[in-house]
Amino acid sequence: MIASNGRLKIALQKSGRLTDESLALLRSCGLEFEFQKQSLYSPCRNFALDVLALRDDDIPEYVQDGVADLGIVGENVVAERGARVKTLNRLGFGGCRLMLSVPVRSSIRSLARLRGKRIATTYPNTLKRFLRSHKLRCEVVELSGAVELAPTLDVADAICDIVSTGTTARVNGLRPLLTVLESESLLVANPAALADKRKRALVDRLLIRISGSLQARGKRYIMLNAPVSAIPRLKKIIPALKSPTIVPLAEEGMVALHSVIAEDVFWDVMEQLKSAGASGIIVVPIETIIQ
Ligand code: PRP
Ligand code: ZN
């Protein structure tokens with residue numbers, strides 16, 4: 001048993017789709033720890049936090065029961081397990097869909113045609129809820145893994161499983177029919193831990209760092225030089241430029257302008273900035289933005 005030593009415990013998927021990005025998020029918050037999927041428990045050196053490596057399917061229950069105070073886990077798993085946990089943040093990674101798929105050669109082309117058919121899944125609760133809401137009676141075949149093989153083995157006519165990149169479906173000759181649930185990773189908490197003053201203080205400190213890191217994601221810091229006369233045009237070009245920092249340069253009539261810009265529009269915006277008179281454009285990564 002893990003001693004309750006006043007330290008916060010956060011559960012992560014030990015090995016799978018969410019592991020790398022969960023670790024990257026914690027590390028981007030300045031937390032230092034070793035992580036080995038073989039070891040259940042990794043203490044943080046510079047924060048009162050211990051990282052627990054668990055199977056993702058178990059994380060909602062463990063957080064609900066207080067084995068961990070916090071957890072990073074897919075919305076899909078939280079919905080399936082129906083655990084009583086509080087969502088603190090949507091983390092913007094691990095995007096996927098729980099989908100109904102059929103073999104490429106199947107004659108099933110609509111939801112209605114699934115009536116009476118066998119559907120294999122590791123998400124029986126979510127699937128049954130979905131079928132009930134669409135007034136469809138099907139036979140739900142509950143498996144514990146390798147659902148994509150069920151049609152080939154003739155234990156099902158369709159499957160209901162997670163699709164992320166779509167590779168698993170493609171290599172197994174499956175055609176997506178319909179989305180049952182959209183999901184991304186969540187930061188969830190045990191409600192009693194949030195009510196505990198000491199733990200709450202730690203959670204709040206961690207949340208400030210996590211929000212800072214999420215805010216900085218996809219953003220770059222841009223610095224450029226330009227003639228004073230170009231400022232109005234430059235302000236129109238940079239969408240994020242509500243109140244840029246503008247400082248005079250030693251050269252008469254020239255300024256340096258600093259701002260934050262979204263990474264995905266960067267190249268388009270940069271070309272426009274150049275033709276509006278900007279020069280010496282420097283773009284650097286942002287680690288965190290604390291509001
Ligand atoms: C899902 C699903 C597939 C895979 C699909 O597993 O069961 O194996 O992801 O991803 P793709 O579309 O990119 O090929 P998940 O990551 O949820 O892991 P788990 O079932 O082992 O918990
Ligand atoms: Zn899983």
Side-chain angles (χ1 to χ4, degrees), residues 9-26 35-41 51-65 67-68 70-85 87 90-104 106 114 118-131 138 140-188:
K9 290 185 279 295
I10 186 164
L12 310 184
Q13 183 179 30
K14 67 174 169 191
S15 148
R17 261 183 323 114
L18 304 184
T19 308
D20 287 350
E21 288 193 85
S22 304
L23 290 170
L25 176 66
L26 295 186
F35 183 84
Q36 270 152 0
K37 63 178 183 190
Q38 298 88 339
S39 68
L40 167 67
Y41 172 85
V51 180
L52 306 186
L54 299 173
R55 279 186 59 222
D56 67 335
D57 308 60
D58 297 334
I59 292 176
E61 275 96 339
Y62 280 150
V63 172
Q64 168 186 285
D65 299 344
V67 174
L70 300 172
I72 296 181
V73 65
E75 215 171 343
N76 52 315
V77 180
V78 175
E80 175 62 21
R81 313 303 284 200
R84 283 182 303 282
V85 293
T87 299
R90 303 183 72 81
L91 299 175
F93 63 81
C96 65
R97 293 161 175 219
L98 181 64
M99 296 195 82
L100 285 163
S101 305
V102 293
V104 185
S106 167
L114 278 176
R118 300 164 302 168
I119 310 175
T121 191
T122 57
Y123 290 82
N125 298 323
T126 313
L127 175 60
K128 285 176 189 168
R129 234 186 346 261
F130 176 84
L131 294 173
C138 300
V140 174
V141 180
E142 296 189 24
L143 299 180
S144 56
V147 172
E148 62 279 3
L149 302 179
T152 312
L153 298 173
D154 195 28
V155 293
D157 307 294
I159 70 163
C160 177
D161 198 16
I162 294 298
V163 176
S164 171
T165 59
T167 310
T168 307
R170 206 165 39 248
V171 302
N172 287 284
L174 295 164
R175 163 164 55 82
L177 196 64
L178 194 88
T179 299
V180 170
L181 182 89
E182 299 220 23
S183 170
E184 68 177 277
S185 54
L186 305 177
L187 177 70
V188 295

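Every number for a ligand or one of its atoms is a count from 1 in the order of the listing. Along the sequence shown, residues are numbered consecutively beginning with 1.
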inquiry  = Looking at Y62, I want to see if its OH is surrounded by more than 12 non-hydrogen atoms of other residues, nucleotides or ligands under 6.0 Å.
reply    = no

request  = Using a 4.5 Å cut-off on heavy atoms from C-beta on, say whether the side chain of L178 contacts that of L114.
outcome  = no

message = Could you walk me through whether I10 and L187 satisfy the side chain to side chain contact (heavy atoms under 4.5 Å, CB included) test, starting with their C-alpha distance in whole Å, then the side-chain angles of each, then the deciding distance to 0.1 Å, before giving a yes or no?
response = CA-CA 9 Å; I10 186 164; L187 177 70; 4.0 Å; yes

key: Residue shell around ligand 1, heavy atom under 4.0 angstrom   = R17, D56, D57, D161, I162, V163, S164, T165, G166, T167, T168

ask   = Going through the distances and angles, do F35 and T19 end up as a side chain to side chain contact (heavy atoms under 4.5 Å, CB included)?
value = CA-CA 10 Å; F35 183 84; T19 308; 4.0 Å; yes

Side chain to side chain contact (heavy atoms under 4.5 Å, CB included) evaluation trace for V163 with E148 = CA-CA 11 Å; V163 176; E148 62 279 3; over 6 Å; no

Compile the donor-acceptor pairs under 3.5 Å between side chains in residues 70-79 and protein atoms, sequence neighbours left out, one pair per line.
{"residue": "E75", "atom": "OE1", "partner": "R90", "partner atom": "NH2", "Å": "2.9"}
{"residue": "E75", "atom": "OE1", "partner": "E184", "partner atom": "N", "Å": "3.0"}
{"residue": "E75", "atom": "OE2", "partner": "R90", "partner atom": "NH1", "Å": "3.4"}
{"residue": "E75", "atom": "OE2", "partner": "R90", "partner atom": "NH2", "Å": "3.1"}
{"residue": "N76", "atom": "OD1", "partner": "S183", "partner atom": "OG", "Å": "3.1"}
{"residue": "N76", "atom": "ND2", "partner": "Y123", "partner atom": "OH", "Å": "2.8"}

key: Pairing residues for D57 by the side-chain contact (heavy atoms from CB on, under 4.5 Å) criterion, not counting sequence neighbours   = R55, R81

query = Distance-only, no hydrogens or angles: does the T122 side chain make a donor-acceptor pair with backbone N or O of L143 under 3.5 Å?
reply = no

inquiry  = What count do you get for protein N, O or S atoms closer to the Zn ion (ligand 2) than 2.8 Å?
reply    = 2

note = Taking every heavy atom of P151 against every heavy atom of P103, the minimum-distance pair comes out as CB-CG, 3.6 Å

